[in-house]
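Computation of the quantities below employed the complete heavy-atom set of this structure, encompassing side-chain atoms and omitting hydrogens, waters and symmetry-equivalent molecules. So you know, we letter chains A, B, ... as the sequences are listed, proteins then strands, and number each from 1.
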Amino acid sequence: MHYRESAAKTLRSFFYTLPLMLGIILLISLVLAVIPPEMISALFSGGPSDSLIGAAVGSIAGGSPVASYVIGGELLSAGVSLLAVTAFLVAWVTVGLIQLPVEMDLLGRRFAIIRNALSFVFAILVASLVSLVLEVLAA
Amino acid sequence: MKKALKPWLFLFAVLILYGLTGLADAGVAVRASERSLGILLQVMPIFLSVFVFIFLLDLVIRPRTVMKNLGAASGLRGWVIAIAGGVISAGPAYVWFPLLSDLREKGMRTALASAFLYNRAIKLPLLPLMIYYFGLLYAVVLTVMMVLASVVVGLLTEMLADEKVDEFQE
């Protein structure tokens, strides 16, 4: 067993990642403090572009799904469509613009950009499919 | 500039942003700091356990094992591990970037790394909360769709990201 090499490698990785993680947490908190849920719900118009807006808003901060459920629940109560709220929920956990520099640094620039772009498009696709399936099941 | 310094400069820049925000509106900076502390307390145990996991993986698992279970020839087993790992893993996605980086160095398929991150959207312990807000049927349909979408997103990421590796580097 090579305990020393593994420990040294892990510590190097830890001290490289720690400031990145602290920076992301601080940035996400700042964005969420600047943009309260009431401001988010005001962005939706009730039109077909709402799913795009939902995915775009969800893509900015990202983070724990719990926060997205709470905000999503508030958006639903405020009259925002389920399609838009689903796009928001999916983008919230699969896309992360704030964490993109860190993802690029640790997992590769090309991987991070392509993964986030695809996840954004799929947030809208998944939201549309979920709404369609729920409509069919309800009929 | 030394690569090891970049993360600290990033943190320093964010702290300056907090300072500027505090000058403009102290209330926003305080709210953001309090929220940060809450997230940090929540995330730190997971973050530390990820590094214990990385240490153990480095110690015990050889690149050949990663190649076999998560590499190009891992097949259905690789997908099941990636999807289940994404669903089981706790905390925000960025906590898991170092582990995925380590596994990719050891031979993990790009598609499986992407699928792992996509499936972080499904959190079994949080399902009751999702059902509370959106209903059981919605939670089931969304969960199934997310698993299916993770495979498609994973394959597309691999197809596009593994090709012409240097294009974005230039």
Side-chain angles (χ1 to χ4, degrees), chain A residues 1-3 6-7 9-10 12-30 32-34 62-66 69-70 72-73 76 82 86 89-90 93-94 96 99 101-103 105-111 113-115 118-119 122 125-126 129-130 133-134 137, chain B residues 4 6-8 10-11 13-15 17-18 21 28-29 31-33 35-36 39-40 42-43 47 51 54-55 58-59 91-95 97-98 100-102 104 110 113-114 117-118 120-121 123 126 129-130 133-134 137-138 141-142 145-146 149 152-153 156-157 160-161 165 167-169:
Chain A
M1 293 267 187
H2 46 292
Y3 294 99
S6 293
K9 189 181 164 193
T10 306
R12 263 200 311 275
S13 178
F14 177 80
F15 284 113
Y16 188 83
T17 314
L18 183 68
L20 292 175
M21 193 195 69
L22 291 175
I24 292 177
I25 290 173
L26 287 164
L27 263 183
I28 289 174
S29 302
L30 191 60
L32 293 177
V34 172
S64 164
V66 180
Y69 297 165
V70 177
L76 266 185
L82 190 64
T86 306
L89 290 179
V90 177
V93 268
T94 58
Q99 66 202 33
V102 177
E103 186 173 346
D105 196 35
L106 293 172
L107 297 175
R109 196 189 295 195
R110 191 178 175 88
F111 172 88
I113 291 171
I114 289 171
R115 192 194 72 75
L118 284 170
S119 297
F122 270 78
L125 285 177
V126 167
L129 280 171
V130 168
V133 170
L134 288 175
L137 290 175
Chain B
K6 272 167 59 181
W8 295 100
F10 169 67
L11 179 60
V14 174
L15 290 173
L17 194 61
Y18 262 70
T21 307
V28 170
R31 274 204 309 279
S33 305
R35 191 189 280 263
S36 296
I39 297 176
L40 191 64
Q42 210 175 20
V43 161
F47 185 66
F51 281 92
I54 289 175
F55 171 68
D58 196 66
L59 208 58
Y94 50 80
V95 171
F97 290 161
L100 287 177
S101 171
D102 194 50
R104 288 190 76 204
T110 300
S114 179
L117 288 172
Y118 205 88
R120 302 216 59 284
K123 289 281 131 283
L126 297 180
L129 193 65
M130 190 192 251
Y133 276 110
F134 307 102
L137 186 62
Y138 177 88
V141 172
L142 181 64
M145 290 293 176
M146 291 298 288
V152 183
V153 170
L156 286 173
T157 308
L160 297 168
V165 174
E167 198 172 286
F168 279 86
Q169 312 280 341

Let me confirm one number: the CG-CE distance from A:L89 to B:M146, rounded to the nearest 0.5 Å. 9.0 Å

Side chain / backbone / both / neither for A:V133 at chain B, heavy atoms under 4.5 Å: side chain

side-chain contact (heavy atoms from CB on, under 4.5 Å), that's the test. Do A:V130 and B:F134 meet it? Break it down for me. CA-CA 12 Å; A:V130 168; B:F134 307 102; over 6 Å; no

Taking every heavy atom of A:S29 against every heavy atom of B:A32, the minimum-distance pair comes out as CB-O, 3.2 Å

Any donor-acceptor N/O pair, A:R110 side chain to B:L160 backbone, under 3.5 Å: yes

Please confirm whether the backbone N or O of A:R115 pairs with a side-chain atom of B:T157, one donor and one acceptor, at under 3.5 Å? no

Per-residue tally against chain A (heavy atom, under 4.5 Å) across B:L17, B:L117, B:L142 peaks at B:L117

How long is the gap from CD1 on A:I25 to CG on B:L40, to the nearest 0.5 Å? 5.0 Å

Approximate separation, where rounding is to 0.5 Å, of B:Y138 OH and A:L137 CG: 14.0 Å

Between CG on residue A:L22 and OG on residue B:S36, distance to nearest 0.5 Å: 9.5 Å

B:F51 versus chain A, heavy atoms under 4.5 Å apart: side chain, backbone, both or neither? both

Taking side chain as everything from C-beta outward and backbone as N, CA, C, O, which of these in A:T94 sits under 4.5 Å from a heavy atom of chain B? Side chain, backbone, both or neither. side chain

Closest heavy-atom pair and its distance - A:A7, B:F55: N-CE1, 3.5 Å

Heavy-atom nearest pair, B:S101 first then A:L107, reads N-CD2, 3.4 Å

Which one wins on heavy-atom pair count under 4.5 Å against chain B: A:L30, A:L27, A:V90? A:L30

To the nearest 0.5 Å, what is the distance between CG (B:L100) and CG (A:L106)? 9.5 Å

Is A:L134 in contact with chain B via its backbone, its side chain, both, or neither, using a 4.5 Å heavy-atom distance? side chain

Search all heavy atoms of A:V126 against all heavy atoms of B:A149 and return the closest pair with its distance. CG2-CB, 3.6 Å

Over all atoms of both residues, closest heavy-atom pair of A:Q99 and B:A93: NE2-CB, 4.1 Å

Which region of B:S114, side chain (C-beta onward) or backbone (N, CA, C, O), has a non-hydrogen atom less than 4.5 Å from a non-hydrogen atom of chain A, or is it both or neither? both

Answer yes or no: is there a side-chain heavy-atom contact under 4.5 Å between B:F47 and A:L18? yes

I'd like to know whether A:F122 forms a side-chain contact (heavy atoms from CB on, under 4.5 Å) with B:L156, so could you lay out the CA-CA distance, the side-chain angles of the two residues, the decisive distance to 0.1 Å, and finally the verdict. CA-CA 11 Å; A:F122 270 78; B:L156 286 173; 3.8 Å; yes

If we define contacts as heavy-atom pairs under 4.5 Å, which of A:V102, A:L125, A:L129, A:T86 has the most with chain B? A:T86

Can you tell me if B:Y18 uses its side chain to pair, donor with acceptor, with the backbone of A:L26 under 3.5 Å? yes

May I ask you to test the B:D102-A:S13 pair for a side-chain heavy-atom distance under 4.5 Å? no

Heavy-atom distances under 4.5 Å only: say whether B:F10 touches chain A with side chain, backbone, both or neither. side chain

With rounding to the nearest 0.5 Å, note down the distance linking OG1 in B:T110 to CD1 in A:I114. 9.5 Å

Which atoms of B:A13 are under 4.5 Å from chain A, going by heavy atoms: the side chain, the backbone, both sets, or neither? neither

